[in-house]
Amino acid sequence: MTQPMRASSPGRVRRWPPGFVSVFGFLPLAITLLVALFGPWLLTTNPNRQDLAAAYAPPSAAYVLGADDLGRSIAARLVAGARISLGIAVVGVLASLATGLLLGFISAFHGGWVRQVVMRLSDVILACPSLLFVILVSGLLGGGIGAILFGLWMSQWPGFARLTAAVASKELAADHVEASRLLGFRPGYIFRAHVMPAIMPYLTSLGALTVGANVLTISSVGFLGLGLRPPDAEWGSMIAGTMTYFRTSPHMVLAPAGAILICTLSATVIGEYYSARHQGIEEIA
Amino acid sequence: MRRLRGLGAVLIGHVLAAAGVAVAVATLAFVAVQMAPGDVAFRIAEARYGERISLQTVDQARAATGMDQNVMVQYLRWVESSLTGQLGRSMVSGRPVMPDVWRSFQTTSGVAVTGVGLALFMSLIIGFAVGMQQDRILDRAFLFASAILSSVPSFLIGIALITLFAITLRWLPAAGNNRPGYAILPSCTLALALLPDLSRVARNAVVRTLQDFYPTYGRIKGQSWPRIVFRHAFRPTLVPIVAYFGPLVAHTIGGLVVIDVLFNLDGVGTRLIDSVLAADIPMAMGAGLLIGVSVVAVNGISDIMVQLLDPRLSTARLWP
C-alpha cells in the first residue's frame with residue numbers, strides 16, 4: 001500500500017481490565033481442552049447409551065444437562081464431542097502453524113521464485129472459504145476425523161505462511177540479523193534467535209483466532225452431516241439432530257450451542273488481546 | 001490516461017486469473033474424484049438406480065459415462081469440453097449440467113446479493129455511529145457485542161430466526177424456495193453472519209480516517225462534523241471496506257452452503273455437496289467452477305473499485 005504512514009493503528013491501545021484474558025480467555029479454553037483430553041475416562045455414562053424413558057428430559061440430578069430425543073445424556077455427549085469439536089480445531093491449528101512457519105520462513109529467507117510460488121499459492125487458497133475445503137475433502141474421502149483435519153490443514157497453512165513471511169522478511173532485513181548472517185550463523189539459528197521472538201505474539205494471536213474459526217467450521221461440517229458417522233457425538237451434529245425440538249425442549253440445542261460459543265469466544269478473547277498489544281497485526285495478516 | 005492504463009492492466013490480470021482458476025478447479029476436481037476411495041462408477045450407479053444393483057449395471061454406468069477409458073483421455077476430454085463451455089451432462093440424472101447449475105446459482109445469488117447488501121448497509125451505519133464515538137461506552141458495547149455475535153455459528157442464527165419468525169409467529173416460510181418471501185430469512189441469516197466482521201472493518205475504517213489530518217483541519221476551518229464526515233471522510237472510509245470484499249465473499253460462500261442446507265434451498269451449496277457425495281464429476285465441477293469464477297470476479301471488482309476510490313493506489317496486482 002502506498003498510503004501515507006500512520007502514526008498508529010485505530011485508537012489508543014485499549015486497556016484491558018486486569019485478569020480479563022486469564023478469566024475469560026485462557027481459563028475456559030484450558031478447562032475445555034482438559035475435558036477433551038481426559039473427559040472420556042471420567043465419564044460415568046456411555047454417551048451413546050439410550051434410555052428412551054428419559055427422552056426429552058430437562059436438566060435434573062440424573063441428567064445434569066438433560067437428555068436428548070433418544071434419551072442419551074447430553075452432558076456425556078458434550079464431553080465426548082469435545083475431542084472432535086475442540087481437539088481437532090487445536091490440532092488443525094498446530095499442524096497449519098508448523099507448515100506455515102516452515103514455508104513462510106523458507107520463502108522469506110530464499111526470496112525470489114520460492115517466495116513467489118508460496119505466496120501465489122497462498123493467495124489462491126486464501127480466496128476459498130475453509131468450510132468449502134473441508135466439505136470437499138470430507139466428501140471425497142468419505143468423511144471422518146482425518147478428512148476434517150486434512151481440509152482444515154490444507155486451507156489454513158497459507159495464513160500462517162504469509163504472516164511468517166511478512167514478519168520474517170522484515171526481521172531479516174535488520175542490521176543485527178545481517179550481522180549474524182555474515183558471522184556465519186546458519187538459517188536455523190537465525191530463525192530461532194531472531195525471527196521466532198519477533199513472530200511469537202503474531203502467531204499466538206492468529207493461532208487463537210484460528211482455533212475459534214475452526215470450532216465454528218467443524219461444527220458447521222457436523223451440522224451438514226459430513227463429519228462423523230451418526231452415533232458418535234459432535235457439537236454441531238448434536239444441534240442438527242435436535243433442532244426440530246428447539247421450541248419444546250430448548251436445552252437440547254442450547255447446551256451444545258453454549259459449548260461452541262464458550263470455546264469460540266474465549267479463543268477470540270485471547271486472539272484479540274495479543275493483537276491489541278501488538279499493533280498493526282491486521283495489516284500484516 | 002495513466003489511470004486508465006492501470007485499470008486495463010488490472011482487468012487483464014483478473015481475466016487471466018479467472019481462466020487460471022477455472023483450469024485449476026477443473027484439474028483439482030478431476031484429480032480428487034480419481035483419488036476418491038471406491039469405484040466411482042459404482043457410486044454413480046448407486047445414485048442413479050438405488051442400492052440394489054448388479055455388477056452389470058455398474059459396468060453399463062461405467063461405459064455410459066466414459067469411465068472405462070484411459071485416465072488421460074478422460075482428463076483431456078474434460079478440459080476440452082470445459083474450455084468450450086460445454087460442462088457436459090450430469091452422471092446421475094443424465095441432464096445437461098449448465099441449466100441446473102445456473103438455476104441454483106440464481107437462487108443463491110438472489111440470497112447472497114440481498115444478504116450482503118443488507119450487511120453492508122447496516123455496517124456503514126453502525127461503523128459511522130460507533131467509529132465517531134471511539135473508546136466511549138457505545139464503542140465498547142459494540143466491540144463486545146460483535147465479538148459475541150461472531151462466535152455464534154451461522155446455522156444457530158438461522159435456527160433462531162426460523163423458530164421466531166416461521167414457527168412461533170408464522171410470518172415467513174421456514175424452508176424451500178417456491179413460496180413468496182422465501183429469501184427473507186436466508187438473507188437475514190447471511191446478513192447477521194457477516195455483520196460482526198464487516199461492521200468492525202467499517203468501524204476501524206472510520207476511526208482511521210478521522211485520525212488523519214484533514215478532519216482536524218476541517219474542524220479548524222470551522223466546518224461542521226456532518227460536513228466533514230459525509231463530504232470528506234466518506235470516500236476514504238469506503239476503501240478498506242471495499243478492499244475487504246475478498247475475504248467477505250469467502251465468508252459469504254461458506255455461510256451460503258450452510259444456509260442452503262438449513263433452509264432447504266436449491267442453491268449452489270446444496271448442489272455442490274450433493275454432487276460431491278454422489279461423485280458426480282461434471283456437476284461438482286460445474287458448481288465449483290461457478291463459485292471459483294464468482295470469487296475471482298468479486299475480487300476483480302473490488303480491486304477496480306478501490307483504485308477508482310483512491311487513485312493513489314494504482315499499483316496493478318496481477319493476482320486476485
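Per chain, numbering begins at 1; letters A, B, ... match sequence-line order. Values reported hereafter were calculated over all heavy atoms of this structure, with side chains retained and with hydrogens, waters and symmetry mates removed.
- For a residue to count as touching a neighbouring chain, one of its non-hydrogen atoms must lie under 4.5 Å from one of that chain's; by this rule B:Leu156 touches chain A with the side chain only.
- For A:Ser219, the parts lying under 4.5 angstrom from a heavy atom of chain B are both the backbone and the side chain.
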Please lay out, stage by stage, how B:Phe263 and B:Thr189 fare under the test side-chain contact (heavy atoms from CB on, under 4.5 Å).
CA-CA 10 Å; B:Phe263 288 95; B:Thr189 310; 3.5 Å; yes
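- Proximity to chain B (any heavy atom under 4.5 Å) is restricted, for A:Val253, to the side chain, taken from C-beta onward.
- Side chain of B:Ser302 to main chain of B:Val242: a donor-acceptor pair is present (N/O by atom type, distance under 3.5 Å, no hydrogens or angles).
- The ring of B:Tyr217 has its center no closer than 6.0 angstrom to the ring center of B:Phe213.
- Between B:Arg203 and B:Asp139, at least one side-chain N (NZ, or NE/NH1/NH2) sits under 4.0 Å from a carboxylate O, which counts as a salt bridge.
- Ranked by heavy-atom pairs under 4.5 Å with chain A, the list B:Ser150, B:Ser154, B:Ser151 is led by B:Ser151.
- Chain B forms more heavy-atom pairs under 4.5 Å with one residue of A:Val215, A:Thr217, A:Ile239 than with any other, namely A:Ile239.
- B:Ile291 touches chain A through its side chain: at least one heavy atom from C-beta onward sits under 4.5 Å away, while N, CA, C and O do not.
- Most heavy-atom pairs under 4.5 Å with chain B, from the set A:Thr268, A:Leu261, A:Ile262, A:Val269: that is A:Leu261.
- Remark: the backbone N or O of A:Phe223 is not paired with any side-chain donor or acceptor of A:Ser237 at under 3.5 angstrom.
- Ring planes of B:Tyr244 and B:His251: perpendicular class, angle over 60° (limits at 30 and 60°).
- For A:Leu132, the part lying under 4.5 angstrom from a heavy atom of chain B is the side chain only.
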